Amino acid sequence: MIFKRKDFISLMDISAEEILHILETAETMKHVIGKKNKKSPYLEGKSVIVLFYERSVRAKLSYELAAQYLSANIVDIVVSETNNRYENLHEMGRTIDQMGADFIICRHSMSGSAKFIAENVNASVINAGDGINENPSQALLDLMTIKNAKGGFKGLKVAIIGDVESSRVTRSNIWGLLKLGADVCVSGPPTMIPPQIEKFGVKVFYNPKEAVKDADVIMTLRLQDEKSYGSKLASFNEYKNFFKLDETLLSYASKDAIVMHPGMPHKSIEISTSILDSTRVLMDDQITNGVAVRMALLYLLSLGMGV
């Protein structure tokens, strides 16, 4: 299969076949990560601009290592700005483009920002997170982790628990999981569940026990700062009393259920320490798979550019 896309913006408009092709390519890239000499020449002479308007040490490092392992030249730009207007992003994109960049990896607080910049530059753009819209590469690493652990997606029950409304990776995961044949349900406080999310083919349970019942995969989500919720959430104590993944809640899932988390959890609020320390939690796998997936994206996009 030839990956003919210039950009990677969303999992909403990508086919199941393309998703599986990316995951298969990422498996090949994992062999590179496992070698003592991690250099591959696929992007030698190409430039990758890591353009982050939001801080994220782990995500930025993952992209940088992915590009480095493929022998690309990397320029890291962390932008601190007080107003995230489209005009500013447009000017930045055009400036980078005129300097001959081949790739722009963009993380921005505005939904639709990656698509906007992609439409205005010749470089290939990878969406590293746009507002509350999507974070498609993060979802791909989750999909890769599930595939490694479960062998496939058909008929799997995946329960996503937490602040669904604020989670852009959840949106990407929903698109990907449904296209690959999984059943998806979400659970969280009513104020954290997007209205009409059922229209996408997702089941909503406000009782997390119902969501977790017989689940093969449980994804717990990272909460924002407690103060940012205002009246949407009385307190973290209230949240953990109902939605923390502990041994009791986990007991409702399948005996071989795996647990995933995007990283840096609020311990004993989103997930109990005893579960975090267990072999059922695959956060380390997610980190490794994140580098492999991003290597695969850079490589496949380079083929689409005719490199």
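Bear in mind that the values here come from a model prediction, so they are computed numbers and not experimental data. As a basis for the values below, the full set of heavy atoms in this structure was taken, side chains included, without hydrogen atoms, waters or symmetry mates.
Considering OG of Ser111 and CD1 of Ile132, their distance stands at 5.0 Å, rounded to 0.5 Å. Taking CD1 of Ile287 as the start and CG of Leu282 as the end, the distance is 11.5 Å to the nearest 0.5 Å. We find the OG-CZ distance between Ser187 and Phe205 to be 8.5 Å, quoted to the nearest 0.5 Å. Rounding to the nearest 0.5 Å gives a distance of 6.0 Å between NZ of Lys147 and CD of Glu24. The structure places CG of Asn289 at 12.5 Å from CE of Met295, a figure rounded to the nearest 0.5 Å.
With hydrogens and angles disregarded, no donor-acceptor distance shorter than 3.5 Å links the side chain of Ser62 to the backbone of Arg58. At least one donor-acceptor pair closer than 3.5 Å links the side chain of Ser251 to the backbone N or O of Thr248. Within the 3.5 Å criterion, the main-chain N or O of Lys35 finds a donor-acceptor partner in the side chain of Lys38. A donor-acceptor distance shorter than 3.5 angstrom exists from the side chain of Ser302 to the backbone of Tyr299, with no hydrogens or angles considered. Checking side-chain atoms of Arg107 against main-chain N and O of Leu51 turns up no donor-acceptor pair under 3.5 Å. Between the side chain of Lys60 and the backbone N or O of Arg55, no donor-acceptor pair lies under 3.5 Å. Panel note: side chain Lys115, backbone Asn127; no donor-acceptor pair is recorded below 3.5 Å. With hydrogens and angles ignored, the 3.5 Å screen pairs no side-chain donor or acceptor of Asp7 with any backbone N or O of Ile9.
In this structure, Asp214 has no salt bridge (Lys or Arg N to Asp or Glu O under 4.0 Å) partners at least two apart in sequence or on a different chain. Under the rule for a side chain to side chain contact (heavy atoms under 4.5 Å, CB included), the partners of Asn237 that lie at least two apart in sequence or sit in another chain are Ser235, Lys240. Remark: Ala67 pairs with Val48, Ala72, Ile74, Leu298 by the side chain to side chain contact (heavy atoms under 4.5 Å, CB included) rule, at least two apart or across chains. Listed by chain and residue number, Lys39, Glu44 satisfy the side chain to side chain contact (heavy atoms under 4.5 Å, CB included) test with Ser71 (two or more places apart in sequence, or in another chain). With sequence neighbours left out, the ring-ring contact (aromatic ring centres under 6.0 Å, His included) criterion links Tyr206 to no other residue. Lys30 pairs by the salt bridge (Lys or Arg N to Asp or Glu O under 4.0 Å) definition with nothing, not counting sequence neighbours. Shown here are the salt bridge (Lys or Arg N to Asp or Glu O under 4.0 Å) partners of Asp97, two or more places apart in sequence or in another chain: Arg94.
For residues 156-170, the set of pairs meeting the salt bridge (Lys or Arg N to Asp or Glu O under 4.0 Å) definition, not counting sequence neighbours, comprises Glu54-Arg168, Glu165-Lys232. Residue pairs meeting the side-chain hydrogen bond (donor to acceptor under 3.5 Å, both in side chains) criterion with at least one member in residues 131-140, sequence neighbours excluded, are Ser10-Glu134, Tyr63-Ser137, Asp130-Asn133, Glu134-Ser172, Ser137-Arg294. The stretch residues 135-158 participates, sequence neighbours left out, in no ring-ring contact (aromatic ring centres under 6.0 Å, His included) pair at all.
In plain terms, the two heavy atoms of Ala296 and Ala26 that are nearest each other are CB-N, 3.6 Å. Between Ile258 and Ala149 the shortest heavy-atom distance is CD1-CB, 3.9 Å. When all heavy atoms of Ile33 and Thr288 are compared, the closest pair comes out as CD1-O, 4.1 Å. Nearest approach of Pro262 to Thr220, heavy atoms of both residues: CD-O, 3.2 Å. Counting all heavy atoms, side chain and backbone alike, Gln286 lies closest to Asp142 at NE2-OD1, 2.8 Å. Of all heavy-atom pairs between Gln224 and Ser166, the closest is NE2-OG, 2.7 Å.
Side chain to side chain, Ser15 and Glu18 meet the donor-acceptor criterion of an N or O pair below 3.5 Å. Side-chain N/O atoms of Glu247 and Ser272 include no donor and acceptor closer than 3.5 Å. A donor-acceptor contact closer than 3.5 angstrom is absent between the side chains of Ser47 and Asn73.
A heavy-atom distance below 4.5 Å is found between the side chains of Leu156 and Ile146. For the pair Phe116/Leu89, a side-chain contact is recorded, criterion being any heavy-atom separation below 4.5 Å from C-beta on. The closest side-chain heavy-atom distance from Val50 to Ile77 is not below 4.5 Å.
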Give the C-alpha distance, both sets of side-chain angles, the deciding distance and a yes or no for side-chain contact (heavy atoms from CB on, under 4.5 Å) between Leu70 and Met29. CA-CA 9 Å; Leu70 294 172; Met29 296 301 173; 4.2 Å; yes
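When hydrophobic side chains of Ile, Leu, Val, Met, Phe, Trp and Tyr are connected at separations under 4.5 Å, Met264 ends up as a singleton with no cluster partners. Under the 4.5 angstrom side-chain criterion for Ile, Leu, Val, Met, Phe, Trp and Tyr, the cluster partners of Ile161 are Met192, Val212, Ile218, Leu223, Tyr229, Leu233, Phe236, Tyr239, Phe242, Phe243, Leu245, Leu249, Leu250, Tyr252, Val259, Ile269, Ile271, Ile275, Leu276, Val281, Met283.
Within a 6.0 Å sphere centred on NZ of Lys203, heavy atoms belonging to other residues, nucleotides or ligands number 12 at most.
Relative orientation of the Trp175 and Phe200 rings is perpendicular, given thresholds of 30° and 60° on the angle between their planes.
Salt bridge present: Asp256 and Lys150 bring a charged side-chain N and a carboxylate O closer than 4.0 Å.
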